[in-house]
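In what follows, a single structure is set out as structure tokens and then discussed.
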Amino acid sequence: MDGHIRRPRLREQLREVIRTRRYSRRTEKTYWYWIRYFIRFHGMRHPSEMREEEVREFLTWLATQRNVAAATQNQALNALVFLYARVLDQPLGDINGTVRAKRPPRLPVVLSHAEAREVIGGLGTPYKLMASLMYGAGLRVTECARLRVKDLDFSRRVITVRDGKGGKDRTTLLPDSLIAPLQSRVESISAGHRERQDGDEIPVSLPFALRRKYPNAGTSLQWQWLFPSDGLCRDDDGRVVRHHIHVSSVQRAVKASVKRSGVHKPAGCHTFRHSFATELLRRGTDIRTVQELLGHSDLRTTQVYTHVLGRGFAGVTSPLG
């Protein structure tokens, strides 16, 4: 051996930094997508050979040639800022002059209470219960899919959302009408868990280094997925584990139910979350409480739902009466 130490590849460096900072796997996947796109755009040059000018050129191209949405361009920018600052240790300087994608003012699509119930009623197991949680607790589809037995507190009527958007934890409502079906689901999971304890039980997937810190957590009842997948997969260490239900299957089921229903709106899983917020405000819930339940860091994000309700026109009468 000549003593030469192989330098980690860029993706390995990114993975190490992201997981050390406890970012979600989805963020890791998204950041790598944009970094790879950036590298290919510039003829496979390594990012360490490029700086602000190349970043500016790439972001401008996304806005002017690819016509991406403002949120998409910001996602690409965040990935590159993270790459240079945290992975390459070469923070970017001024990138003013970048053509920014326009953010058209759009109000979210919402369902009335009756429409939400109709769509939910057209779903089968386990999608009906999942859609009920998205509408009744304001959960994102990913947050719903990631629920574990330990995240339900029936005595306090509270659901704990772990590692939500932005890596934040929060609590939200556990609807009274869902207590019985959720308890029944937990009892079913518990019964299956007891039966498997005598054999070779397949552990559930666990986040980050938790499986090394708590070796038995993957086979404990409290860490079981509330909505497990039917199939098995391998974790980062190559072990066979059971993951939660894939969000795409939930999205397909909801889209199909919307199509079958009499609801003529472009609705999907996230529409339930919008409808949760709007319905709470319509019933007089304080907007800051709604902000907390949704996990919004900025009140302005929550205020968009007041526009959906037309609260900005309170006291104004149409000329037609």
Side-chain angles (χ1 to χ4, degrees), residues 22 24 26-27 71 74 103 105-121 128-183 185-186 226-227 247 250-251 254 263 265 267-316:
R22 298 179 63 84
S24 70
R26 174 173 285 192
T27 298
N74 286 336
R103 187 191 301 271
R106 289 193 184 125
L107 295 179
V109 174
V110 298
L111 300 174
S112 68
H113 181 64
E115 289 172 334
R117 294 296 296 269
E118 184 174 354
V119 174
I120 292 170
K128 183 175 183 178
L129 183 53
M130 297 183 77
S132 298
L133 283 165
M134 288 185 275
Y135 177 53
L139 300 182
R140 299 177 178 89
V141 62
T142 304
E143 294 169 345
C144 185
R146 289 177 178 170
L147 285 176
R148 299 180 190 264
V149 170
K150 67 181 183 60
D151 298 329
L152 304 179
D153 188 330
F154 293 110
S155 61
R156 294 194 303 131
R157 308 291 200 266
V158 165
I159 297 172
T160 299
V161 179
R162 303 288 183 185
D163 195 25
K165 190 173 182 179
K168 296 178 293 186
D169 292 354
R170 75 177 190 280
T171 55
T172 187
L173 310 171
L174 196 167
D176 287 349
S177 61
L178 297 185
I179 290 177
L182 284 170
Q183 285 179 329
R185 189 161 188 85
V186 170
L226 197 60
F227 303 105
V247 296
V250 188
Q251 292 165 334
V254 169
V263 177
K265 294 178 180 178
C269 288
H270 209 65
T271 310
F272 288 124
R273 179 172 159 87
H274 293 322
S275 305
F276 164 81
T278 307
E279 189 66 18
L280 287 184
L281 290 171
R282 189 186 68 79
R283 298 183 184 194
T285 306
D286 177 77
I287 192 169
R288 291 201 174 274
T289 300
V290 177
Q291 176 191 6
E292 185 177 343
L293 292 171
L294 291 172
H296 288 162
S297 56
D298 192 331
L299 184 62
R300 288 174 297 182
T301 307
T302 316
Q303 284 174 332
V304 70
Y305 299 112
T306 64
H307 297 295
V308 175
L309 287 171
R311 290 278 176 86
F313 307 123
V316 178

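Residue indices begin at 1 and follow the sequence shown. Keep in mind that what you see is a predicted model, and the values were worked out from it rather than measured.
- A heavy-atom distance below 4.5 Å is not found between the side chains of Arg185 and Leu152.
- Considering every non-hydrogen atom in both Val119 and Val254, the closest pair reads CG1-O, 4.4 Å.
- Taking CD from Glu118 and OG from Ser112, the interatomic distance works out to 8.5 Å, rounded to the nearest 0.5 Å.
- With sequence neighbours excluded, no residue forms a side-chain hydrogen bond (donor to acceptor under 3.5 Å, both in side chains) with His270.
- When the shell of 6.0 Å around CD of Glu292 is examined, it contains 12 or fewer heavy atoms from other residues, nucleotides or ligands.
- In this structure, the side-chain hydrogen bond (donor to acceptor under 3.5 Å, both in side chains) partners of Thr27, at least two apart in sequence or on a different chain, are Ser24.
- Residues Asp163 and Arg146 share a closest heavy-atom pair of O-NH1, 3.7 Å.
- The two residues Leu293 and Arg170 come nearest to each other via the heavy atoms O-NE, 2.8 Å.
- Closest approach of Met130 to Ala145, counting heavy atoms only: CE-CA, 3.9 Å.
- With hydrogens and angles disregarded, no donor-acceptor distance shorter than 3.5 Å links the side chain of Arg273 to the backbone of Leu139.
- Not counting sequence neighbours, the partners of Pro108 by the side-chain contact (heavy atoms from CB on, under 4.5 Å) test are His274, Val304, Tyr305, Val308.
- Note that CG of Leu133 and CG of Leu147 are 6.5 Å apart. Values are rounded to the nearest 0.5 Å.
- For Asp298, the side-chain hydrogen bond (donor to acceptor under 3.5 Å, both in side chains) partners two or more places apart in sequence, or in a different chain, are Arg300.
- Sorted by first and then second residue, the ring pair (Phe, Tyr, Trp, His ring centres under 6.0 Å) pairs with a member in residues 133-182 read His113-Tyr135; sequence neighbours excluded.
- For the pair Lys265 (side chain) and Val109 (backbone), a donor-acceptor distance under 3.5 Å is absent.
- For Gly121 against Lys128, the heavy-atom pair with the smallest separation is CA-CE, 4.4 Å.
- Contact of the Leu309 side chain with the Val110 side chain is not registered, since no non-hydrogen atoms from C-beta on lie closer than 4.5 Å.
- The structure places CD1 of Ile287 at 5.5 Å from CG of Leu281, a figure rounded to the nearest 0.5 Å.
- Here Ser297 contributes atom OG and Lys168 contributes atom NZ; the two are 4.0 Å apart, rounded to the nearest 0.5 Å.
- With rounding to the nearest 0.5 angstrom, the CG atom of Asp151 is 11.5 Å from the OG1 atom of Thr171.
- A salt bridge links Glu279 with Arg283: at least one charged nitrogen is closer than 4.0 Å to a carboxylate oxygen.
- To the nearest 0.5 Å, atoms CD1 (Ile159) and CG (Leu178) are separated by 7.5 Å.
- Legend: residues meeting side-chain hydrogen bond (donor to acceptor under 3.5 Å, both in side chains) with Asp153, ordered by chain and number and at least two apart, are Ser155, Arg156.
- Contact check for Val250 versus Phe227: no side-chain heavy atoms found under the 4.5 Å cut-off.
- A pairwise comparison of heavy atoms in Ile179 and Arg157 identifies CD1-NE, 2.9 Å as the closest pair.
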